[in-house]
Amino acid sequence: MASSSFLLVHGFPSLIIVLSYLVQFARSDSVFIASSDYTAGAYGSGPFQSFFSANSTPSVWNFAHPLNRTDVTISSGYLFTAPRGSDTVAPGPLIYDNDGSLVWDGTSFGETLIFQVETYLGEPHILTWAGNSLATGVGSGYVSLINNRYELVSRLITTKNTALMTAYQTKQIDLSSYGGLSGGYISDSVFQEVNITTGETLFTWHASEHVDPGECYNKLGSGGTTTSNAWDYFHINSIDESTDGNFLISSRHCFTLYYINATNGDIIWQMGGAKSDFAMGNGASYSWQHHARWVIENDTYATLTLFDNAGEFGESDESNSRGLHLAVNFTSMSVELIQEFIPYNTTLSQSQGSVQLQPNGNFLLGWGFMPWASEYSPSGELLWAAQFGVVGGNYNEGYRALRFNWTGEPTAPPSMSFIHSAKNNLTSVYASWNGDTRTERWELLGATDPSGSDAVSLYNKTRSGFETTITVNTAAHRYNYLAVRALGTENAPLGISEFTSIGNGIVTLVIGAWRTVFTAVVLVYTLQII
Ligand SMILES: *[C@@H]1O[C@H](CO)[C@@H](O)[C@H](O)[C@H]1NC(C)=O
Ligand SMILES: *[C@@H]1O[C@H](CO)[C@@H](O)[C@H](O)[C@H]1NC(C)=O
Ligand SMILES: *[C@@H]1O[C@H](CO)[C@@H](O)[C@H](O)[C@H]1NC(C)=O
Ligand SMILES: *[C@@H]1O[C@H](CO)[C@@H](O)[C@H](O)[C@H]1NC(C)=O
Ligand SMILES: *[C@@H]1O[C@H](CO)[C@@H](O)[C@H](O)[C@H]1NC(C)=O
Ligand SMILES: *[C@@H]1O[C@H](CO)[C@@H](O)[C@H](O)[C@H]1NC(C)=O
Ligand SMILES: *[C@@H]1O[C@H](CO)[C@@H](O)[C@H](O)[C@H]1NC(C)=O
Ligand SMILES: *[C@@H]1O[C@H](CO)[C@@H](O)[C@H](O)[C@H]1NC(C)=O
Ligand SMILES: *[C@@H]1O[C@H](CO)[C@@H](O)[C@H](O)[C@H]1NC(C)=O
């Protein structure tokens with residue numbers, strides 16, 4: 001969404017650039033478009049934005065390849081990303097709109113990998129996996145289920161009211177045939193289906209009972225000698241339940257997708273890697289892959305998507321990672337490439353990543369270790385590419401980038417903050433409501449007492465991104481107390497902030513002195529005298 005501060009960025013480029021070196025941030029609701037300064041690190045390696053009315057410092061995006069809206073349609077919905085990494089100022093789940101404007105800051109949930117919408121008991125819920133991830137790509141954390149009022153419902157996981165989860169379990173086995181100790185250690189890949197209501201385990205699968213480490217590519221080296229360097233030979237990183245109830249799992253370290261019989265755990269077939277049951281067509285092979293998902297399936301034919309990392313730290317099998325859309329023929333037992341999706345900057349992403357088919361046939365990619373998201377037409381044309389961090393500093397990354405429909409109805413009230421200048425009797429009011437997707441307009445209310453009992457409507461303004469600014473001239477001095485009310489469709493009142501005194505002509509600074517410089521500029525551009 002274009003906003004006042006977006007104009008600001010264009011209106012005062014030299015001012016912005018000078019300031020950016022001082023504070024390394026972008027003003028509220030900023031989105032950079034084809035900014036080479038951003039890419040070059042002029043705004044720091046983890047550029048973020050900040051707001052007056054919310055204590056929030058989410059990553060700011062740069063649409064390095066902007067969407068050309070005149071000939072392209074994009075599915076409605078919101079972008080779910082969870083930036084993290086040592087250069088990311090506020091790691092955690094963040095929802096943005098299609099224009100890169102913040103909708104929900106969920107960073108209080110901490111560093112997050114999985115961040116998606118799932119239906120639980122008939123209602124859409126946010127599902128997250130948050131915790132500490134280790135260098136090896138394995139983490140220790142927990143799953144949270146959050147309803148659309150942003151309340152934590154459960155620390156468990158769910159699909160169809162059962163949970164599918166992966167785990168890593170250290171196990172002692174004989175590694176002598178792989179060049180290791182006879183009493184060596186592996187980190188076994190395990191997945192389970194659990195009944196959420198009862199906690200009962202419905203199904204458990206151990207890679208070590210079905211897959212010989214000899215068919216995998218993450219070599220033992222000098223590892224596997226103790227529990228702390230246990231050999232992660234398999235590395236499960238995605239599970240998808242098929243329509244027949246069996247499971248499609250991805251093994252990053254075996255370069256293979258395995259189809260697992262949900263009744264007895266047998267491998268029904270395996271695709272890719274050293275012992276593929278399928279002939280892999282031109283461009284259809286993958287390595288170190290992530291996020292395998294069925295698109296369509298029947299008994300003779302299926303299509304699926306996955307993120308082909310094509311390399312990992314210190315190894316590159318191809319020059320760049322790719323998103324893949326593959327066709328599987330179960331009669332000829334062959335896999336053909338339908339379409340590949342090439343990164344904007346032809347880079348290799350060493351870990352993580354996602355491919356999501358959109359309802360209109362486009363494909364949304366999250367580039368994992370590379371802090372990028374991009375969208376493609378069904379024929380593989382790049383429609384837009386945005387970065388949420390700079391490549392080449394320390395690092396910014398995001399496990400996946402996915403789009404979902406979502407209606408957020410926060411229980412916490414809207415938030416308001418203002419800056420009043422006695423000098424010219426102008427008050428800039430900042431309104432936001434973290435996570436709310438329904439607000440269409442903001443109504444400014446004035447009252448003579450803090451209860452708001454005699455409140456009158458002063459001004460209505462269309463919502464603009466996360467934070468909307470309304471600037472009013474208070475020279476008449478009729479109302480000492482101000483509040484903002486969120487209005488939805490047909491002006492339905494959705495929530496109201498507290499009435500707050502504008503004080504006695506004291507300039508109220510919200511966060512730091514540097515804001516005054518911006519306030520002066522914002523006032524010029526948003527002046528609405530009432
Ligand atoms: C946007 O798309 C239109 C229609 O295809 C084309 O004429 C125009 O050149 C494009 N603009 C940019 C900036 O790519
Ligand atoms: C989970 O447990 C509940 C309570 O016993 C039961 O009603 C439900 O059918 C179980 N679901 C599955 C998938 O086993
Ligand atoms: C899965 O295993 C069950 C029980 O052994 C068997 O009846 C079924 O045919 C197997 N399914 C497939 C697709 O192989
Ligand atoms: C499976 O899909 C293929 C390709 O769309 C189609 O030709 C075939 O008829 C389908 N088979 C069944 C059993 O639906
Ligand atoms: C699958 O392969 C068989 C055998 O080569 C072929 O006859 C059939 O047309 C293929 N199916 C599709 C959907 O391409
Ligand atoms: C693309 O890659 C080149 C070479 O690595 C780098 O200089 C440039 O900054 C990158 N561009 C973006 C937008 O990341
Ligand atoms: C969201 O819902 C709208 C309306 O049903 C639909 O057109 C759109 O494709 C959906 N978006 C996603 C990401 O599912
Ligand atoms: C703002 O919109 C509300 C809802 O339609 C209306 O009641 C109010 O009078 C409007 N305020 C102004 C100042 O126009
Ligand atoms: C600001 O408003 C006060 C109270 O109405 C008035 O006394 C003062 O002259 C105004 N100042 C300016 C600069 O307009």
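Read the numbers this way: they start at 1 and go in the same order the structure lists the ligands and their atoms. Computation of the quantities below employed the complete heavy-atom set of this structure, encompassing side-chain atoms and omitting hydrogens, waters and symmetry-equivalent molecules.
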Any donor-acceptor pair under 3.5 Å from [X] side chain to [Y] backbone:
X    : Y    : answer
Q49  : S59  : yes
S349 : S351 : yes
N360 : T73  : yes

Give the residue, atom name and distance (to 0.1 Å) of the protein heavy atom nearest [atom].
atom                    : result
atom 5 (O) of ligand 5  : S332 CB, 3.7 Å
atom 13 (C) of ligand 3 : I268 CD1, 3.6 Å
atom 12 (C) of ligand 5 : N329 ND2, 3.5 Å
atom 10 (C) of ligand 3 : N261 ND2, 2.4 Å
atom 11 (N) of ligand 7 : S76 O, 2.9 Å

Next item on the list: Please confirm whether Q358 comes within less than 3.5 Å of ligand 7 when only nitrogen or oxygen atoms on both sides are compared.
Entry: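 No.
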Notebook entry, point to check: For R403 and ligand 7, does the shortest N/O to N/O distance drop below 3.5 Å?
Noted result: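 No.
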Margin query: Under 4.0 Å and counting heavy atoms only, is there anything from the protein next to atom 2 (O) of ligand 5?
Written below: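 So atom 2 (O) of ligand 5 has protein heavy-atom neighbours under 4.0 Å.
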Next item on the list: Establish whether atom 7 (O) of ligand 3 and some protein heavy atom are separated by less than 4.0 angstrom.
Entry: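 It does not: no protein heavy atom is found less than 4.0 Å away from atom 7 (O) of ligand 3.
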Notebook entry, point to check: So, S35 versus Y43: side-chain donor-acceptor pair below 3.5 Å or not?
Noted result: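 No, because no side-chain N or O of S35 sits under 3.5 Å from a partner of the opposite role on Y43.
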Notebook entry, point to check: Can you find an N/O atom of N264 closer than 3.5 Å to an N/O atom of ligand 3?
Noted result: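 N264 vs ligand 3: N/O contact under 3.5 Å present.
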Check: Taking the six-membered ring for Trp, are W406 and F80 parallel (under 30°), tilted (30 to 60°) or perpendicular (over 60°)?
Finding: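 Aromatic pair W406/F80 classed perpendicular.
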Notebook entry, point to check: Against heavy atoms of N405, which atoms of ligand 7 measure under 4.0 Å?
Noted result: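 In order of number, 1 (C), 2 (O), 3 (C), 8 (C), 10 (C), 11 (N), 12 (C), 14 (O).
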Note to self: Counting only heavy atoms from other residues, nucleotides and ligands, does the tally under 6.0 Å from CG of N282 exceed 12?
What the structure shows: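 It does not: N282 CG has 12 such atoms or fewer within range.
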Item checked: Where H253 and C216 come nearest, the two heavy atoms and their spacing ->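 Looking at all heavy atoms of both residues, the closest pair is O-CB, 3.4 Å.
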Notebook entry, point to check: So, for I95 and Y78, which heavy atoms are closest and what is the spacing to 0.1 Å?
Noted result: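 Closest heavy-atom pair between I95 and Y78: CG2-CB, 3.5 Å.
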Notebook entry, point to check: Side chain or backbone of P359 under 4.0 Å from ligand 7, or both, or neither, by non-hydrogen atoms?
Noted result: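 P359 to ligand 7: side-chain contact only, backbone stays beyond 4.0 Å.
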